[in-house]
> 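Dropping a structure here in structure tokens format, bear with me for questions.
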Amino acid sequence: MDEQIKNELRSILEEVFQKNSQIKMISLITPEGLPILTFNRESENGLSEITDSGILNRYAALAGASTTLGERTLSTLSQEKVRLIHVQGKTKDIAIAVSPHLISLVVTEPSGSPNLIAEKLNTELKAKL
Amino acid sequence: MDPLQWYNITKEALILAESELDTSQFELMLLIQLDAENQTILTSKSQPDAETAALFGQAWNSLTNILTNELHLEARNSLTIKSHNKILTIYSLGFDVLLVILSEAAVDSMDVLKIILRFVFQIGYKKKYEIVGLVSSEGYPVWLNSVEEMDDFLFAISITSLLSLVERIDYEVSAGGIGACILQGTENLLLNVAFNPSQDLALAVTQQGTDLDAVTLDPELKTLYQKIVDPVVFSAIVPEIIDEDRERMLEEIRQAFEGETTEEEIQTLNVFDTEMLKSLENEIKTVSKKYGANEISIGYLRKRMRLPAEVLSMALQYLIGEGSIVGRIGTARQSGREILVLDFSADISGEDKQNVKIVQDQINELFEPLNPYLSQLPEIKPLEPDVQEAISEALGEFQIMLTLADTDPLYLLANDLRILGVQLASSVKTLTLLKQQLSETDQDDVLRNELERRHTNLDEKILEQRLTINGKVNKFYEDLFNFYRLLFRLLPPPIKFTRSRSKRKATVTFKCPAHDCSTTVRIRDGPSSWVKLSVFAVHLGIQKDFPEKVPSRVNKIKKSLENKINKLTILAQKTDTRITLVIEDYLFIENLDELLITNTQRDNAINILRRSRVPQSTDKVDFYSLFEQCSSCNRWYCKTHMSTATKCIYC
């Protein structure tokens, strides 16, 4: 991806992190399953961009596997594709929003509405991608 | 919803549930609303009057007060009192509604709650949700309410797919356990799956629309649902009549599921994950430092790190290759198991030496009370003068303890083989279909070329799958016999099985094998573990023959075990898989765990032996105080026929 676009995405993500203190991590992935950007909030050091390709690929694979498994579930109930998966955990909430141009994986504290953040990100970043 | 509405819904649900239950098993089902004087008495054999029935409410209140005020415990959810024949259970269903069930001891009152939950949805929430279903974590439908006709098994399978997803997400981002998962479709579908606290049930509701409130669960529904646990595996009812349409649909779904979360998939996700590598490195270094260990069992690491064998092996090789840990993967002397051998640094500090001594003392203390039945294990050498050698010996013995105490690695291996077996069977099925398509396709057709290409590819894949299976089967075969060799240092093989009064049990006899010795003890126990010991004792040459004239059930278990061992031996000894083996030769690997004795079964066996009986006496004796094992022939002799502490008179 063009470095200039990546820089723009970086500044948008930084702003989102700033405005929403409940966010712990955001990972952006292409619909083909390739990692774009991943930011992580560390308690002491503030915000950091993950560059380790192992971790990046792991989250990308997670997003891919989630959409596939989610679609298997939906295919029995209706003919729709997955738009959003929201998983409410004891220590973290996780949302994966799927749109034709982007998959966003957002991890927040419990009840941190990652579903809303992920969907909003997908809509806002549509123009950039 | 107001309290009275909720009471009325639960009341109607209880009345409907009664029609689905075997009422002969229930003495009383009673619904009370505290402080509102609402009562509904059902299935009452004892016909309590209203005043007596109100006592349950008072009892609940008093107990709650004591527990909350005196003992500072949180609010109660349920109260169970068991007698020999009866169980009294009181559930708090929310809005001060109590459900009192007095039933025979064998009745699981959770079944009542599951049925009530279904009717509560049918009566009070008919319009709110399109589909509501309760699914067990094993993937079976408990029940399904749907406005449209829907196959409950297909529904359950689709929810199980979501369970895999949730587990995966929880594992990857450490979410600390999942309470709910909400799925939105691209158009209108909303699905909410809520998990009960014990994570053994999934309650799924759907609705059309985009408003998430449409699929949220009301607090009172949550309260009721969270009471229900489903710890009994395979409790769901599976129809006995085969429905061809359903089988066909299930088959299609299974085809689509093929390859889900395979070992390779997990491997690609994890193997070069620096976080995992770092934590593995830390684990190794901590164990090494804390216990002064220069040998660490791979099984231990696999269990600690919760990693598949292949992933762990690759990760260790990577760490060794990178020089993060200095050592190699080797084989344990006594058990033949894989171990990580560390290049133990010679310069141990004074503090470390002290720590190692403390651990050493602890190990000594651990062994002390375990005698006499562990007396056959070699003694631990003292720490001085050669610290390193002594530590190594002690940990060697400690590893035997660990090996004995842990059959998990073998179970994991058996499970790996089960998955591989299913994948192979699926590939072979596809190959058969391809062959059939090929025979029906004309020559020189483009489609035919494509089919032939796929046929060749699949053929190669099957060969690879077989080779993988063979590798793992060899390992399982070797480990299995090593496991039993070690187990025979704790447990003796029986010489006789006879019928017992209880159908599920057999009388198992042990006797000193010395000529003319009549020292004999007996136990009564389920025969399964003992038959396994006898069968493997014969295979390992510890016992000459399997006992004769055994009950038919024992014979059946023996035959099934021998059949499996024979097949396993054939497979473990074959090298050229392409020519000699057919798919049927692999099918048995789906249930290899039947050959194993679990840690619990082994501990039970030891406990039972310590409370053996001598014939014609009601007194209990400890097998291990009467018998000792010869370290040379491995047979258990009475103490009179042991010439030394470790050798029998014949060796």
Side-chain angles (χ1 to χ4, degrees), chain A residues 24-25 27 33 40 50-100 105-116 118-119, chain B residues 130-131 146 148 150-151 154-166 168-195 204 206 208 210 212 249 253 256-257 260-261 265-266 268-277:
Chain A
K24 289 176 181 278
M25 192 201 77
S27 187
N40 190 27
I50 296 176
T51 50
D52 183 321
S53 64
I55 300 176
L56 291 177
N57 283 327
R58 201 176 92 188
Y59 289 130
L62 175 66
S66 301
T67 15
T68 315
L69 287 167
E71 239 137 59
R72 279 178 191 167
T73 303
L74 286 195
S75 64
T76 313
L77 304 169
S78 81
Q79 295 304 312
E80 295 179 32
K81 299 248 173 214
V82 173
R83 193 180 89 201
L84 185 80
I85 300 166
H86 180 192
V87 174
Q88 295 168 327
K90 280 190 189 129
T91 56
K92 284 169 194 164
D93 270 17
I94 304 102
I96 298 166
V98 186
S99 58
L105 168 69
V106 178
V107 180
T108 68
E109 287 167 3
S111 312
S113 308
N115 49 331
L116 302 179
E119 287 227 283
Chain B
E130 270 195 347
I131 305 173
S146 172
E148 284 173 32
M150 170 169 280
D151 186 282
L154 286 182
F155 178 76
I157 285 178
S158 77
I159 299 303
T160 315
S161 173
L162 200 64
L163 289 175
S164 314
L165 156 66
V166 164
R168 178 81 159 267
I169 292 178
D170 189 13
Y171 173 76
E172 294 286 352
V173 305
S174 313
I178 303 294
C181 175
I182 296 160
L183 215 63
Q184 277 182 267
T186 39
E187 287 169 33
N188 267 324
L189 188 76
L190 288 168
L191 166 73
N192 181 2
V193 182
F195 305 99
T206 73
Q208 297 294 322
T210 50
L212 280 175
M249 285 192 280
I253 293 270
F257 275 37
E260 183 183 323
T261 49
E265 202 180 347
I266 297 171
T268 52
L269 283 174
N270 289 316
V271 80
F272 290 115
D273 168 352
T274 45
E275 215 171 295
M276 185 276 285
L277 287 171

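Below, chain A is the first sequence line, B the second, and so on; all start at residue 1.
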> Measuring heavy-atom distances to chain B, does A/D93 have an atom under 4.5 Å in its side chain, in its backbone, in both, or in neither?
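Neither part; nothing is under 4.5 Å.
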
> I'd like to know if the side chain of B/T186 reaches the main chain of A/V82, judged simply by a donor and an acceptor atom lying under 3.5 Å from each other, with no hydrogens or angles considered.
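Checked: no pair found.
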
> Give the minimum heavy-atom separation between B/I131 and A/L77, together with the two atoms involved.
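For B/I131 versus A/L77, the nearest heavy atoms are CD1-CD2, 4.0 Å.
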
> Output the distance between atom NZ (A/K90) and atom CD1 (B/I178), rounded to the nearest 0.5 Å.
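Nearest 0.5 Å value for the NZ-CD1 distance: 9.0 Å.
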
> Do you know which of A/G89, A/S78, A/A97 has the most heavy-atom pairs under 4.5 Å to chain B?
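Sorted descending by pairs with chain B, the first entry is A/G89.
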
> Examine whether an atom of B/N192 lies under 4.5 Å from a heavy atom of chain A, and if so say whether it belongs to the side chain, the backbone or both; otherwise answer neither.
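Contact with chain A: none, neither part.
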
> Which answer fits B/L191, side chain, backbone, both or neither, if we ask what part of it has an atom under 4.5 Å from a heavy atom of chain A?
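Just the side chain, heavy atoms under 4.5 Å.
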
> In terms of heavy-atom proximity below 4.5 Å to chain B, should A/I94 be classed as side chain, backbone, both, or neither?
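Interface part for A/I94: side chain.
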
> Would you compute the distance between atom CG of B/L190 and atom NE2 of A/H86 and round it to the nearest 0.5 angstrom?
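So the gap between those two atoms works out to 13.0 Å.
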
> Against chain B, label A/I96 side chain, backbone, both or neither, depending on which of its atoms sit under 4.5 Å from a heavy atom there.
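Just its side chain gets close to chain B.
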
> Among B/A180, B/G176, B/C181, single out the residue with the greatest number of heavy-atom pairs under 4.5 Å to chain A.
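Top count of heavy-atom pairs under 4.5 Å with chain A: B/A180.
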
> Spell out, as yes or no, whether a donor-acceptor pair under 3.5 Å connects the side chain of A/E80 to the backbone of B/E187.
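Answer holds: yes.
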
> If you count heavy-atom pairs within less than 4.5 Å of chain A, which of B/S146, B/A194, B/G177 leads?
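Top option by heavy-atom pairs under 4.5 Å: B/G177.
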
> Non-hydrogen atoms of chain B under 4.5 Å away: do they reach the side chain of A/E109, the backbone, both or neither?
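Neither part, no heavy atoms under 4.5 Å.
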
> From B/T206 OG1 over to A/L74 CG, what is the distance, rounded to the nearest 0.5 angstrom?
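The distance works out to 10.5 Å.
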
